[in-house]
Every structure is written in structure tokens, then in C-alpha cells.
Chemist: 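Have a look at this one before I ask anything.
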Amino acid sequence: MSVVTRFAPSPTGYLHIGGARTALFSWLHARRHGGRFILRVEDTDRERSTDESTRAILDGMAWLGLDCDEGPYFQSERGGRYREVIDAWLQAGKAYYCYRTKEELDALREAQRARGEKPRYDGYWRDNDETPPAGVTPCVRFKNPLEGEVVFHDHVRGEIRVSNRELDDLVICRADGTPTYNFCVVVDDHDMGITHVIRGDDHISNTPRQINMLRAMEVEPPEYAHVPMILGHDGKRLSKRHGAVSVMQYEAEGYLPEALRNHLVRLGWSHGDREVFTLDEMVALFDLDEVNPSAASFDPRKLLWFNQHYLKALDAGELARRLLPYLERAGLDPGAGPDLAALVRAQRERSTTLVELVENSRFFFEDFEAYDEKSARKHLSVAAVPALEAVIERLRALQDWSAPALHGVVEAIAGELEVGMGKVAQPIRVAVAGRAVSPPIDQTLEMLGRDRALARLERALEHARSQD
RNA sequence: GUCCCCAUCGUCUAGCGGUUAGGACACCGCCCUUUCACGGCGGUAACGGGGGUUCGAGUCCCCCUGGGGACGCCA
């Protein structure tokens, strides 16, 4: 049988790290087995679901390269089908109307808790012939089996057994007529032919109930894999306090999808000593049965390392293309600077994100107001005057404005002045970049261009002369 | 409170009864060097505790501790 997996987020927020990892595992499992991957939006809670969230989730999936073969399906559009099953169950005695009010249920739960019991519905309206109270609109509950236990094999946890006594009769249809989550999942997973349910382990306790409902539909349950949660660096549940929790926030901060994907896949899954995986390699190697059952913490520093790794590894032309929006967002004109592929090659080993790369490269695109104070004091003092004078003179005369020729000039001047390369290169660097950090000075000058470089050198010479 | 789950360096992890407990990130040192980086080399650092089983336990079992999850007319 061909594999069908799904990712089923509820549109009540953006796509966060945990959801993205679940989606990735689900996608990988489908791809690995040549199956299909379905996206299903679980928007039965109309109060909390928003179109904006749906869009954010779709954007996040697209950015991560997790394309779906079917969907997105929306549960809000499948009301007829749910109604049909509910009516059938009511008819067959597999479900019943419950007239318990919210207040009664609260009191019941409170009493149970006070007695040290697990709070659960007491089954009052199950097989009850009493006349329904007037003025109460009932909800519908599923008749969970009273005896026996549910046993299933989980691909990451192994065998899981839960006694039906632990389970109560869950609401499948609210008083307002809308179906609830656990019920919709069951109908959808069956209708859509899902073979492997891959989801966060916070759903593990829903699984026995869902299996019971699947049995009520007289179908075999799919296979399950409950993947561990991702915790923040402090070991607590991931939240806004841990910085960027939305996948698209990482995009905004200049991370590459390759990096986030790679970091995510290594959270809970490994393949020997290997750290770096291309998408194709993940697809070829990923195995649900190798997923680690314990929760993992998200380490932003490792993500940074992956990001720089891909910055160094990816094609410079491709990265140049991806750099465009970041330049624009930074208020820079991509046409006002050097060739972008060359820029990427020069800056990627000293940048960890695209945003950082842009900031490190600002001076190539626009003039700066002032020198970095510390750098200017150190490198643009009167002591730098002779070197700057020599540099300006020689560069004016230089015919071939290329890195090798520029390198020759710097080297020659250092030799003539009998000083180290740093005594010449650093003043030039501060003069043209405004600070003491930049790519190798010959490359920096070449990319900057003759006119810009000479103008900035002259300005720096004036500055140096004025220091005392 | 009740039920369930998890447990190797700070973090991600390898390990699947016999290992000097390996790798990666981070950190520290050295080298390279015109800056910052990159790179190279080296280093610090872990089996939560207690009982078993076994000739032998990080690996299997139990308890404790710690952490997490679930207990909605939320998903």
C-alpha cells in the first residue's frame, strides 16, 4: 500500500518550529516511500481560526520547500460529511445526545478532582431514557467502549496500551452543531486514506480515543508516530520568550531554509555522525523508526552554524539572487554596489546570516557618515598620513583596477615604507569601509571601484592630517 | 490531583551486554593571517541516584528523583 501522510495544523497562529519539524518529518516519510503528502487545515474552531494564520502556515511550508500533493483541505468545508457520520452514529447507537450543562460539568470535574480522581464525563446521558431538560441544547458524545484496552504500535514509542476505563465519552459535536477536533481527525484521516499519522506527542493521549472511533467506523486505524516536542533552550516549552518561534521570522532574520531544515531534521533524528544533509539525502535516509523518543531543545547557535555552512556551500549566484530582497529591506539599491555574486563570495565567510551579510556590506552601496571611532583613532591618526599619501598617489596612477594589481600596490608601499602590511591595509580599510573590518583589502577596493575608493581615501587623508 | 511519557558532555546526538563512551554546536588554547572571518590542530566536558539480572550494564528490569505531556462543547 502506498504511503499517505498529512500535516494538519490549526490556523490559530503562525507555523512555529515544532509544527515545522512535524511537517518536515511527515513530508520526508511520504517522499521517502514515494507516497503522497496532504495538507489539511483544522479550522473547526471558528472562533480562533484566521485566514491570516492559514496564509502564514502556507508561506512557512512553501519557504521550507514542503510541497503538498493534495490540499490544503479545510475542515470547515467538510461539514456535510461530518454531519452524515454523526447522524449515522446517533442512529446506530454509537453516539448519543448529552444535556449536561457547562456548569454541571464544571461541578462534576471539580468534585472528581477533590476526590483525587481523574476528571472525566460520568456518562450520565449514555443510555438514559430520562426526558431531556427543557431549554438545553444538547451536544453529541461518542460511546467509548467501557471495557478492554486499546493497544497500538507507535513508530517512535513502541507499544502503547491504554485502558478504556481511562477514557470517557468525548464530545464529537458541539451544541452549536459544529463537530470537534478528535472526531474530524478520525473522519478525515480515513476519508483521505492516511496511512501514517505523524504528529506531536502532545496528541498521544488522543490516539486511543481516535482508534476507538475508527473502529466505530469499522475501519482499520492507520500507523502512528508521535514525535517528541521541541523545547526552548531552557528546557521549557517553546514560546515567544525564546525569540523567533515563527518559521517566517527566521526568513526575516536572514536564515536559509536549507539551514533551518537541516537543524530541524537533526532534532530527534540522526544518521550516525552525520550533521549535514541535503534535502535529497534526508529523503533517502530518513526513517521514522529511528526517531528519538525524548524531547529536544532548540539551540539557536547551532542553527547559526548551519546557516553559515550553507552560506559557504551554496552557489554564489543563487545566493546573490536571494540577497536581493534583503538589500531592499535594508534600504539599499542592489544596483549601486558591486556584482552581488562577487560580494557573496567575499562576505559569506564572515557572515552568519543574509541580514548580517547585508549589514557588513553597507559601505559598498552607500557612503557612510562617520568612521567607527575606535578604528579611526587607531588607524587614521597622523601616523597614517605617509601611507595614505602613497596609496592615493599610486592608485591614481594604477591602470588595472583589479585585486591582484591592487594587492601589488599595497605590498609595494609596505615594502617602501618598511612597515608591515597591516600598517598600510588597515588605514585603507578604515578609509573605505569606515571600520576596521572588511574582506581582504584588495578585494574590497576592487569591488568598491576606483572613484569611490579614491574619494574615500582622500577624505580619510584629510581626517588623518587634522588629527594631532 | 489522576493517568501517560522521557532521561549519555551546557546543547543536538552515536551507542543497540564487553568502547580509552564517538561526532557536531558552543567554549578554551595554538597555528595560519593585512582586519574580521574562514580553515587546520589540540583541549575542557556526559552515562541523574539506588537496587537488581549477568562472568560483565550507558545498554535489560524495578524504585526514586528530575523533566515533559494529557485530563475542554481548544486543536
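The figures here come from the full heavy-atom set of this structure, side chains too, leaving out hydrogens, waters and symmetry mates. Below, read A as the first sequence line, B as the second, and so on, with proteins coming before strands; counting in each chain starts at 1.
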Chemist: Just how far, in rounded Å, is C1' of B:rG72 from CG of A:Asp169?
Modeler: 15 Å
Chemist: Looking only at atom C1', what distance separates B:rC9 and B:rA26, rounded to whole Å?
Modeler: 12 Å
Chemist: Kindly check if the number of other-residue, nucleotide or ligand heavy atoms within 6.0 Å of CZ (A:Phe152) is above 12?
Modeler: yes
Chemist: In terms of the nearest nucleotide of RNA chain B, which residue is placed more toward the 5' end: A:Pro11 or A:Ala425?
Modeler: A:Ala425
Chemist: Take atom CZ of A:Arg209 and atom P of B:rG72, then tell me their distance rounded to the nearest Å.
Modeler: 8 Å
Chemist: To the nearest angstrom, how far is A:Gln443 atom CD from B:rU33 atom P?
Modeler: 17 Å
Chemist: What nucleotide, of B:rA24, B:rU35, B:rU34, holds the atom closest to the side chain of A:Glu275?
Modeler: B:rA24
Chemist: Can you figure out which of B:rU34, B:rC36, B:rG22 approaches the side chain of A:Arg350 most closely?
Modeler: B:rC36
Chemist: Where the side chain of A:Asp202 is concerned, which of B:rU35, B:rG69, B:rC25 is the nearest nucleotide?
Modeler: B:rG69
Chemist: In this structure, how many angstroms lie between the P atom of B:rU2 and the CG atom of A:Leu108, rounded?
Modeler: 18 Å
Chemist: Measure the distance from CG on A:Asp176 to P on B:rG72 and round it to the nearest whole Å.
Modeler: 18 Å
Chemist: Checking all strands, does A:Ser270 fall into the base, sugar-phosphate, or nothing category for heavy-atom contacts under 4.0 angstrom?
Modeler: sugar-phosphate
Chemist: When the ring centroid of A:Trp89 is compared with that of A:Phe142, is the distance short of 6.0 Å?
Modeler: yes
Chemist: Round to the nearest Å and state the distance from A:Leu170 atom CG to B:rG72 atom C1'.
Modeler: 11 Å
Chemist: In the strands shown, is B:rU53 matched to any nucleotide by a Watson-Crick or G-U wobble pair with both distances under 3.5 Å, and which?
Modeler: none
Chemist: Which nucleotide in the list B:rU34, B:rG72, B:rC6 gets nearest to the side chain of A:Pro293?
Modeler: B:rC6
Chemist: In this structure, are over 12 heavy atoms from other groups packed under 6.0 Å from A:Glu110 atom CD?
Modeler: no
Chemist: Quick check for you: among B:rU35, B:rA75, B:rC25, whose closest atom lies nearest to any side-chain atom of A:Val437?
Modeler: B:rU35
Chemist: Take A:Tyr181 and A:Asn206, measure what side-chain hydrogen bond (donor to acceptor under 3.5 Å, both in side chains) needs, and give me the verdict at the end.
Modeler: CA-CA 10 Å; A:Tyr181 165 77; A:Asn206 289 326; 4.5 Å; no
Chemist: From the set B:rA24, B:rC73, B:rA75, return the single nucleotide nearest to any side-chain atom of A:Glu42.
Modeler: B:rA75
Chemist: When all nucleic acid strands are considered with a 4.0 Å heavy-atom cut-off, which category describes A:His407: base, sugar-phosphate, or nothing?
Modeler: base
Chemist: Using a distance-only criterion (donor-acceptor N/O pair, under 3.5 Å, no hydrogens), is the base of B:rU2 paired with the side chain of A:Arg120?
Modeler: no
Chemist: Compare the minimum distances between each of B:rC38, B:rA75, B:rU34 and the side chain of A:Asn206, then state the nucleotide with the smallest one.
Modeler: B:rA75
Chemist: Send over the distance from A:Glu117 CD to B:rC3 P, rounded to a whole Å.
Modeler: 11 Å
Chemist: With a 3.5 angstrom cut-off on both distances, give the Watson-Crick or G-U wobble partner of B:rG58, or none if there isn't one.
Modeler: none
Chemist: Can you find a donor-acceptor N/O pair under 3.5 angstrom joining the side chain of A:Lys302 to the base of B:rA24?
Modeler: yes
Chemist: Taking the C1' atom in each of B:rG18 and B:rG40, what is the distance between them to the nearest angstrom?
Modeler: 36 Å
Chemist: Using Watson-Crick or G-U wobble geometry with both distances below 3.5 Å, tell me the partner of B:rC73, or none.
Modeler: none
Chemist: Name the closest nucleotide to the A:Thr44 side chain, picking from B:rA75, B:rG23, B:rC38.
Modeler: B:rA75
Chemist: Kindly point out which of B:rC12, B:rC71, B:rC73 is positioned nearest to the side chain of A:Ala296?
Modeler: B:rC12
Chemist: What nucleotide, of B:rG39, B:rA75, B:rU35, holds the atom closest to the side chain of A:Asn182?
Modeler: B:rA75
Chemist: According to the Watson-Crick and G-U wobble definitions, with both distances under 3.5 Å, which nucleotide is paired to B:rC9?
Modeler: none
Chemist: Checking side-chain polar atoms at under 3.5 Å, does A:Arg348 have a donor or acceptor matched by the opposite partner on A:Asn360?
Modeler: no
Chemist: Using the C1' atom as the point on both nucleotides, what is the distance between B:rC16 and B:rC28, in whole Å?
Modeler: 34 Å
Chemist: Using a distance-only criterion (donor-acceptor N/O pair, under 3.5 Å, no hydrogens), is the base of B:rG69 paired with the side chain of A:Asp201?
Modeler: no
Chemist: How is A:His226 classified with respect to the nucleic acid when contacts are heavy atoms under 4.0 Å: base, sugar-phosphate, or nothing?
Modeler: nothing
Chemist: Using atom P in both nucleotides, what's the gap between B:rU20 and B:rU2 to the nearest angstrom?
Modeler: 46 Å
Chemist: Less than 3.5 Å apart, any donor N or O on the side chain of A:Tyr99 or A:Asn128 sitting next to an acceptor on the other?
Modeler: no
Chemist: Atom CZ of A:Arg109 and atom P of B:rG72: how far apart are they, to the nearest Å?
Modeler: 5 Å
Chemist: Any carboxylate oxygen within less than 4.0 angstrom of a Lys/Arg side-chain nitrogen, looking at A:Arg55 and A:Asp51?
Modeler: no
Chemist: Reading RNA chain B from 5' onward, which residue's closest nucleotide shows up sooner: A:Val171 or A:Met421?
Modeler: A:Met421
Chemist: Counting only heavy atoms not in A:Lys143, do more than 12 fall under 6.0 Å of its NZ?
Modeler: yes
